[in-house]
Chemist: 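Pasting a structure below so you can have a look.
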Amino acid sequence: MSDTLATIRTNVQINLFEDVSSGFWTTAQLNDFINRATLMVAGEVQWELDQNTVSLKTSKTFYLWPSDMLVPLRVRDTTTANGAVNVKIFPTRIEKMEKEMRSWRLVGNGPPSRFSTRGIDYLWIWPPPPPAFANNNMTVDYVPVPASLVNDTDTFDGPKTVIEAVVELATAFALLDKDINAAAKRMDNYAQKLSEARADYGRDNEFHTTKLRPATRYDKAHHTPWMRRTF
Amino acid sequence: MGTETLKTVRDRIRGRLRDPNSVIWTDAQLNRYLNMAQIDLQQRLMWGEDYDTTVVTSSTASYTRVNTDRIQNMKYQVYDGTRINTISQYEIDRVKSDWRTDTATIPARLYRSDWNQDAFWPPPAYSGNPAVTFSQESGCLCRVVSDDPTDAITFSQETGIVIQAYSSANPVDDWYFKRQTYANVSSDSTGEVDMVVPPYKNLTNVYFRWPDTLVNDTDLLSFPDWVHWGIEEHAMMLAYEKEGDGNNPKLAQAHGAAYFEIWLPFIAKMKAQRDATPDAATIWESQTPIKPWTNQLSKLTKWWRPWGGRIW
């Protein structure tokens with residue numbers, strides 16, 4: 001489903017009891033609130049997926065994350081030098097590296113098996129790639145920052161529950177400039193819409209692992225959230 | 001690193017403050033609020049990082065930090081390719097009372113001899129070897145294609161050309177430029193190589209760094225564009241807290257709530273997931289419906305009180 005910026009803004013103005021042609025907030029301000037809302041809902045629900053490649057260079061460990069990345073999901077080695085394609089490499093932290101192997105900085109080149117974020121923008125992989133990996137690609141799966149809606153005809157693509165959450169949140173952002181109590185009430189509406197959107201479209205990822213017990217009996221806790229609601 | 005300039009963000013704030021002609025808030029005041037907001041975000045999230053390398057001289061124990069205006073907190077330090085742990089002088093006194101007269105050997109620990117000085121114990125027996133020292137060159141390095149230290153480097157007009165510089169201890173070493181995680185446009189140093197310093201037998205300092213101060217209208221904010229909206233709410237809170245004209249406690253409270261209870265938890269959650277480690281991210285996961293926002297989200301604000309410290 002998709003809605004244009006103009007449609008979303010009209011819905012926000014209705015929530016604000018604003019005249020479509022003029023009001024307390026300018027069109028540019030309302031557009032800005034809508035873009036903020038699309039970002040926040042995208043980060044919370046993470047329904048959208050994008051991909052980009054990182055071209056490896058010999059001995060190079062620092063690369064830039066894709067510029068439109070909000071949250072990384074997976075980093076996959078798409079070379080065949082490892083003997084397999086699309087092998088995932090695993091996230092780590094410097095502290096964990098220190099615990100596992102104190103001299104990890106002195107390790108020579110090898111097939112990358114770990115990655116981490118360094119600072120704000122940098123993807124760091126380890127060990128440094130050997131010459132056999134030069135110009136091969138790592139694929140980064142990530143949740144993108146939503147494209148900015150600028151023109152009235154620009155469209156926001158997303159499920160209906162997500163669009164409804166965007167409208168509620170944009171309304172709340174606008175009301176923060178005028179009436180905090182009204183904004184709080186709108187945030188309650190947003191919380192409800194967000195909960196529905198998450199239940200329907202929230203992405204499973206490695207941060208939501210469950211401890212699966214041996215299946216001795218039927219246990220609906222093993223189901224995904226949307227399944228749980230139907231029983 | 002963002003793409004929005006100081007002027008863009010300031011104009012947006014000015015529009016929301018409904019002060020287009022700078023009658024109540026001057027540009028200098030709004031600039032100050034934005035700088036304070038950036039600093040607050042970095043202080044709470046410890047997000048921006050940078051590193052530099054200190055050249056070590058044999059038998060010299062103490063070294064002055066050179067980037068003290070940028071260092072928020074030292075993250076860790078590496079000597080000769082291996083992390084070196086820090087210690088206090090009191091602990092060393094308990095272990096070895098005559099440690100101050102120890103002869104130079106392989107350093108075991110690092111201690112802070114002054115607020116901006118790192119000292120080895122024992123003193124190092126070896127000097128770090130810079131691969132190349134430039135003191136006089138005809139022609140200069142004119143452009144670094146990117147701020148990534150291992151990307152292509154362009155030379156233009158050189159008397160003599162350096163093909164490669166590397167440490168014989170490890171041939172994969174290459175040029176080491178001071179990596180600019182933040183690029184303040186007004187102080188860009190394109191075309192300058194101070195010294196190539198390999199890490200071996202030298203001290204590498206990895207630290208959390210303060211954002212660059214925003215001064216000129218064309219300066220870029222230090223965080224990604226999607227973080228600027230959170231910074232903006234903090235700046236608006238500060239603007240409405242200003243004494244005199246423009247003072248509005250209710251709107252200050254509203255924008256403070258927007259920053260502390262909406263944007264800050266969101267940015268922290270995204271940062272945790274960008275750090276790509278389950279242990280930090282699981283603190284934020286929730287499969288249950290969110291309760292009314294003031295009750296639910298206010299539970300998270302306890303993490304951000306100064307005495308509560310940071311959670312990772």
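In the text below, chain A, chain B and the rest are named by the order of the sequence lines, each starting its count at 1.
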Chemist: Can you tell me if Trp229(B) and Asp32(A) form a side-chain donor-acceptor pair at under 3.5 Å?
Modeler: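 Present: a donor and an acceptor within the cut-off.
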Chemist: In terms of ring plane angle, is the pair His234(B) and Tyr259(B) parallel, tilted or perpendicular, where the classes change at 30° and 60°?
Modeler: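 Judged by the thresholds at 30° and 60°, the geometry between His234(B) and Tyr259(B) is tilted.
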Chemist: Where does Asn181(A) contact chain B at under 4.5 Å (heavy atoms): side chain, backbone, both or neither?
Modeler: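 No part of Asn181(A) comes within 4.5 Å of chain B.
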Chemist: Quick check on Glu233(B) against chain A: is it the side chain, the backbone, both or neither that has a heavy atom closer than 4.5 Å?
Modeler: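 It is the side chain, since no backbone atom gets that close.
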Chemist: Identify the residues of residues 9-17 of chain B whose heavy atoms come closer than 4.5 Å to a heavy atom of chain A, ordered by number, or report 'none'.
Modeler: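 The list, in residue order, reads Arg12(B), Gly15(B), Arg16(B).
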Chemist: Sequence neighbours excluded, which residues qualify as ring pair (Phe, Tyr, Trp, His ring centres under 6.0 Å) partners of Tyr190(A)?
Modeler: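 With sequence neighbours excluded, Tyr190(A) shows a ring pair (Phe, Tyr, Trp, His ring centres under 6.0 Å) to no residue whatsoever.
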Chemist: Could you look at Tyr76(B) and say if it's the side chain, the backbone, both or neither that has a heavy atom under 4.5 Å from chain A?
Modeler: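 For Tyr76(B), the side chain is the part near chain A, not the backbone.
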Chemist: Can you tell me if Asp177(A) uses its side chain to pair, donor with acceptor, with the backbone of Phe173(A) under 3.5 Å?
Modeler: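 Side chain of Asp177(A) to backbone of Phe173(A), a donor-acceptor pair under 3.5 Å: no, none is there.
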Chemist: For Phe266(B) and Trp226(B), take the angle between the two ring planes, folded into 0 to 90°, and tell me which bin it lands in: parallel under 30, tilted 30 to 60, perpendicular over 60.
Modeler: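 Perpendicular: the ring planes of Phe266(B) and Trp226(B) meet at over 60°.
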Chemist: Less than 3.5 Å apart, any donor N or O on the side chain of Asn137(A) or Thr53(A) sitting next to an acceptor on the other?
Modeler: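 No, because no side-chain N or O of Asn137(A) sits under 3.5 Å from a partner of the opposite role on Thr53(A).
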Chemist: Is it true that Glu168(A) and Gln192(A) share a donor-acceptor pair across their side chains at a distance under 3.5 Å?
Modeler: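 Checked: Gln192(A)/Glu168(A) side chains show no N/O donor-acceptor pair below 3.5 Å.
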